[in-house]
4 protein chains.
Amino acid sequence: MKTRDRIILAALELFNESGEPNITTNHIAAHLGISPGNLYYHFRNKEEIIHSIFDQYAHDLSIRFQPLEETQITADNLLVYLDAVFMLMWRYRFFYANLPDILRRDPELQEKYLQAQEGLHQNIMAMMNSFRSGGLLELEDADLLSLANTLKLVASSWICYQTTQAPGAKITKAVIYQGVLQMLGIVRPLTTAIGKEQVLQLEAHYCEQVERDV
Amino acid sequence: MKTRDRIILAALELFNESGEPNITTNHIAAHLGISPGNLYYHFRNKEEIIHSIFDQYAHDLSIRFQPLEETQITADNLLVYLDAVFMLMWRYRFFYANLPDILRRDPELQEKYLQAQEGLHQNIMAMMNSFRSGGLLELEDADLLSLANTLKLVASSWICYQTTQAPGAKITKAVIYQGVLQMLGIVRPLTTAIGKEQVLQLEAHYCEQVERDV
Amino acid sequence: MKTRDRIILAALELFNESGEPNITTNHIAAHLGISPGNLYYHFRNKEEIIHSIFDQYAHDLSIRFQPLEETQITADNLLVYLDAVFMLMWRYRFFYANLPDILRRDPELQEKYLQAQEGLHQNIMAMMNSFRSGGLLELEDADLLSLANTLKLVASSWICYQTTQAPGAKITKAVIYQGVLQMLGIVRPLTTAIGKEQVLQLEAHYCEQVERDV
Amino acid sequence: MKTRDRIILAALELFNESGEPNITTNHIAAHLGISPGNLYYHFRNKEEIIHSIFDQYAHDLSIRFQPLEETQITADNLLVYLDAVFMLMWRYRFFYANLPDILRRDPELQEKYLQAQEGLHQNIMAMMNSFRSGGLLELEDADLLSLANTLKLVASSWICYQTTQAPGAKITKAVIYQGVLQMLGIVRPLTTAIGKEQVLQLEAHYCEQVERDV
DNA sequence: TATGAATGAGGATTCATTCAT
DNA sequence: CATGAATGAATCCTCATTCAT
């Protein structure tokens with residue numbers, strides 16, 4: 001494994017554990033047993049490390065989430081999708097603990113983040129549309145858009161929100177699954193009879209996951 | 001005005017503007033034209049300033065939000081309530097931009113925050129219950145709880161979320177009102193015919209506010 | 001009791017407890033429940049407080065130790081004298097924990113200290129001379145002077161020395177009495193048969209004291 | 001010469017000159033023409049510098065003073081030993097000017113200091129025993145122990161004591177030699193006829209040294 | 001590629017002291 | 001006499017970053 005990648009990995013790990021502002025470049029170098037000079041040979045500055053982590057995040061996102069065509073959208077696909085979104089967010093959770101501050105310092109990163117958010121929005125919209133046309137949801141356009149926005153907000157805020165809800169909260173996979181359940185809980189009351197069945201099935205799936213992990 | 005209060009005010013202002021991690025105690029002192037020594041005469045350390053700001057926040061919260069009795073809950077009261085919650089969050093918005101990090105450093109603050117969150121939860125539940133018993137909502141217990149959780153999450157995350165949704169996003173009152181609208185949008189699809197009317201009225205009110213402020 | 005005197009007393013107490021460098025003027029004021037301004041009304045600066053404490057010490061010393069005439073010197077007088085010297089040193093023990101540093105900063109104090117030391121020397125010499133002329137000691141002039149010097153050194157260093165001989169050593173009266181015993185132990189091997197008897201008597205007296213205090 | 005060692009050396013020099021409490025880490029850095037950051041690259045904090053100086057002292061002590069076997073103890077060896085002890089104390093004299101305060105702050109250092117003191121005690125005891133068995137001294141066990149204690153006290157206190165005996169006293173080598181003479185003066189009245197001769201010889205040696213240095 | 005010593009501006013904080021009231 | 005808010009230079013220390021090797 002290349003040093004550059006090891007740095008990214010170590011930084012990600014340490015940031016997730018202790019928060020980005022509390023991890024210095026020296027911490028990262030020491031953790032890897034390399035010199036600070038070497039770290040700066042591979043990265044111009046700390047910002048660039050964060051940047052690279054985000055790039056990896058965005059890349060992971062893009063390969064997993066080819067914009068879905070409406071016909072492909074099934075309950076199964078949805079499950080896979082939600083699963084993957086939250087897992088990704090978990091993997092890069094340090095990011096969400098400081099998002100406003102990190103983005104303020106780095107306009108370029110802000111731009112990239114917005115693109116990712118846009119992709120998330122597109123996908124959520126596509127799924128909701130597909131649900132509606134499949135007769136699982138019964139909503140007007142405005143309500144559908146509002147629903148999509150809410151889902152995006154919940155997805156994007158979940159980890160940060162949970163971090164603040166308990167002293168010394170560790171974000172585990174169970175917490176992630178509860179996030180998916182929270183989103184399903186938002187969709188369920190809006191579904192048709194057929195839709196409800198599907199959602200309940202998904203919920204059952206995630207309840208299992210939560211219990212297995214607790 | 002007492003120096004102690006001026007410090008709290010200046011700190012709040014600067015934190016909101018530039019983010020707490022980017023504002024040093026010297027910045028605050030210089031901004032007020034006082035010496036660093038004087039600042040430390042009034043506060044043992046930076047943490048204590050943040051603490052005091054939070055205490056003020058909690059105090060504001062508590063005097064404005066005496067736990068509502070269910071009979072008092074009307075659409076008008078709700079409007080006043082939501083308005084006030086978001087305004088308060090706006091006033092102390094720096095806090096929300098770094099919540100995980102701020103709380104991690106200060107377990108006492110974490111405790112206080114959870115109490116405030118618990119109060120928020122109680123009030124939201126009281127309102128939703130009242131809505132249901134007033135025939136504005138039609139939901140089972142589990143769904144009602146889920147709804148309340150979603151509303152609390154949206155309320156608690158709105159400012160942080162919005163901060164990340166645009167480059168150099170300034171959180172204006174209009175953004176705040178959109179948060180209220182978002183929450184109403186979550187409630188609306190779940191209301192009865194009578195409930196829908198009330199919600200639409202509230203939405204209309206806030207749409208006006210948004211337009212006035214933009 | 002006058003504020004000025006209360007300040008001296010409080011400072012002495014705190015200095016003894018925690019060491020002069022670790023006690024700020026604010027500590028002293030807070031301990032007395034007075035304002036720092038008030039403290040500085042009575043004393044130009046911290047140095048002056050130390051100075052005043054020393055003056056009190058020198059005063060105590062002078063009233064207790066009128067240079068002894070040789071004829072007055074008996075074993076009993078000696079006992080009273082040694083007792084008093086060490087008690088005084090105990091009362092002002094903070095001083096001995098930092099003597100070089102305190103004196104370096106304050107030439108006037110250095111001067112006063114030397115005068116006190118000179119008085120100590122005179123008295124020790126007087127006693128030793130008297131012992132010799134009384135047939136208790138058998139020494140040549142040079143040896144007598146050397147003995148007096150040693151005794152002065154031991155007396156002046158005892159508290160500082162003991163402070164360093166155990167972790168977190170508290171200087172108790174027992175430690176003080178051991179100092180007297182140490183000095184008697186220096187004198188004893190040099191005494192005549194008659195002198196030895198006297199010294200052993202004194203030693204017995206102090207051994208009792210030590211045991212009572214332990 | 002390594003920067004780390006240069007820092008230790010400069011600190012030692014400045015501490016000796018002006019007293020440890022009066023020398024800041026910035027002083028040391030400036031004195032060496034290096035940045036404060038560099039100093040803190042080599043030492044975690046000021047305490048660690050003091051610690052390192054003491055370690056060097058303890059090391060010097062240990063290599064020079066292998067516990068002496070009784071047969072090796074001759075007047076010549078004693079001379080070398082005393083010489084070295086006082087020289088070492090002179091080299092690290094800042095330490096003795098603040099011993100109580102320095103040890104109070106640093107329990108680990110206190111522990112090391114006590115070990116060094118214990119070594120000193122062992123060596124002094126060994127020498128005195130050897131003197132007695134060689135017929136140079138005539139003392140009972142209790143008196144021998146008492147003598148050893150006195151010698152240890154004088155040795156350990158000499159520099160601190162001398163520092164306080166004159167305004168702005170500079171501790172020169174002559175002062176050191178006088179310390180040795182003081183100790184010899186304590187031993188001399190207790191010696192046998194043969195012993196006295198040896199001691200007088202040593203005294204003569206040191207009187208020469210003092211005169212040469214004054 | 002990698003080292004690790006070095007930088008230096010800047011951080012939080014302290015404390016003897018002053019001064020208007 | 002007394003208050004207590006205010007000063008400001010100084011302290012210890014951090015950390016992102018550089019650079020000669």
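Note: hydrogens, waters and symmetry copies are ignored here, and every other heavy atom, side chains too, is used. Because the structure is a prediction, the values reported are computed rather than measured. Residue numbers begin at 1 in each chain, while the letters A, B, ... track the order of the sequences.
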**Q** For B:I34 and D:I23, find the nucleotide of DNA chain F closest to each by heavy atoms; which residue's nucleotide sits nearer the 5' end?
**A**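 That would be B:I34.
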**Q** Show the nearest heavy-atom pair for residues B:R105 and B:I50, with the distance to one decimal.
**A**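 The answer is NH2-CD1, 3.6 Å.
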**Q** Looking at CG of D:L39 and OG1 of D:T3, how far apart are the two atoms once the value is rounded to the nearest 0.5 Å?
**A**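 So the gap between those two atoms works out to 10.0 Å.
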**Q** Mind checking the NZ-OG1 spacing from A:K46 to A:T25? Nearest 0.5 Å is all I need.
**A**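 Those atoms lie 7.0 Å apart.
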**Q** Can you identify which nucleotide, out of F:dT3, F:dA16, F:dT7, has its nearest atom closest to the A:T25 side chain?
**A**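 Minimum distance to the A:T25 side chain belongs to F:dA16.
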**Q** Strictly below 4.0 Å: does B:S35 bring a side-chain N or O up to OP1 or OP2 of F:dT7?
**A**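 For F:dT7, OP1/OP2 do have a side-chain N/O of B:S35 under 4.0 Å.
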**Q** Rounded to whole angstroms, how far apart are CG on B:L32 and P on F:dT7?
**A**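 From B:L32 CG to F:dT7 P: 10 Å.
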**Q** Is the phosphate of F:dC15 approached by A:T24 (side-chain N or O, under 4.0 Å from OP1 or OP2)?
**A**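 Answer no for this pair, as no side-chain N or O of A:T24 is under 4.0 Å from OP1 or OP2.
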**Q** Do the ring planes of B:Y57 and B:F95 sit parallel (below 30°), tilted (30 to 60°) or perpendicular (above 60°)?
**A**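 Rings of B:Y57 and B:F95: tilted, as their planes differ by 30° to 60°.
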**Q** Quick check for you: to the nearest 0.5 Å, what is the distance between B:F54 atom CZ and B:L12 atom CG?
**A**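 Here the interatomic distance stands at 13.0 Å.
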**Q** Which heavy atom of B:G19 sits nearest a heavy atom of A:R104, and at what distance?
**A**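 Nearest heavy atoms, B:G19 then A:R104: CA-NH2, 3.1 Å.
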**Q** How does DNA chain E look in dot-bracket notation if pairs are Watson-Crick or G-U with both distances under 3.5 Å, crossing ones as [ ], other-strand ones as |?
**A** .||||||||||||||||||||
**Q** Kindly compute the distance separating CG (C:N26) from OG (C:S35), expressed to the nearest 0.5 Å.
**A**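 OG of C:S35 is found 10.0 Å from CG of C:N26.
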**Q** Expected output is a numbered-order residue list: members of residues 36-54 of chain D with a heavy atom under 4.0 Å from any atom of DNA chain E. What is it?
**A**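 Only D:G37, D:N38, D:Y41, D:H42 qualify.
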**Q** Reading DNA chain E from 5' onward, which residue's closest nucleotide shows up sooner: D:G33 or B:N22?
**A**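 Result: D:G33.
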**Q** Taking 5' to 3' order, which nucleotide of DNA chain E is first and which is last to have an atom within less than 4.0 Å of a heavy atom in chain A?
**A**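 Extent of the interface on DNA chain E: E:dT1 to E:dG4.
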**Q** Describe, in one word, how the ring planes of A:F94 and A:F15 are oriented to each other, choosing from parallel (under 30°), tilted (30 to 60°) and perpendicular (over 60°).
**A**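 Ring orientation of A:F94 relative to A:F15: tilted.
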**Q** Quick one: does B:P167's side chain get under 4.5 Å of A:L114's, heavy atoms only?
**A**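 Yes, side chains in contact.
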**Q** Let's go through D:E20 and D:L14 carefully: what are the C-alpha distance in whole Å and the side-chain angles of both, what is the deciding distance for side-chain contact (heavy atoms from CB on, under 4.5 Å) to 0.1 Å, and is it a yes or a no?
**A** CA-CA 8 Å; D:E20 177 269 331; D:L14 293 171; over 6 Å; no
**Q** May I have the distance from C:N26 (atom CG) to F:dT7 (atom P), rounded to whole angstrom?
**A**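 Going from CG in C:N26 over to P in F:dT7 covers 16 Å.
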**Q** When rounded to the nearest 0.5 angstrom, what distance separates CD1 in A:I53 from CD in A:E48?
**A**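 So the gap between those two atoms works out to 11.5 Å.
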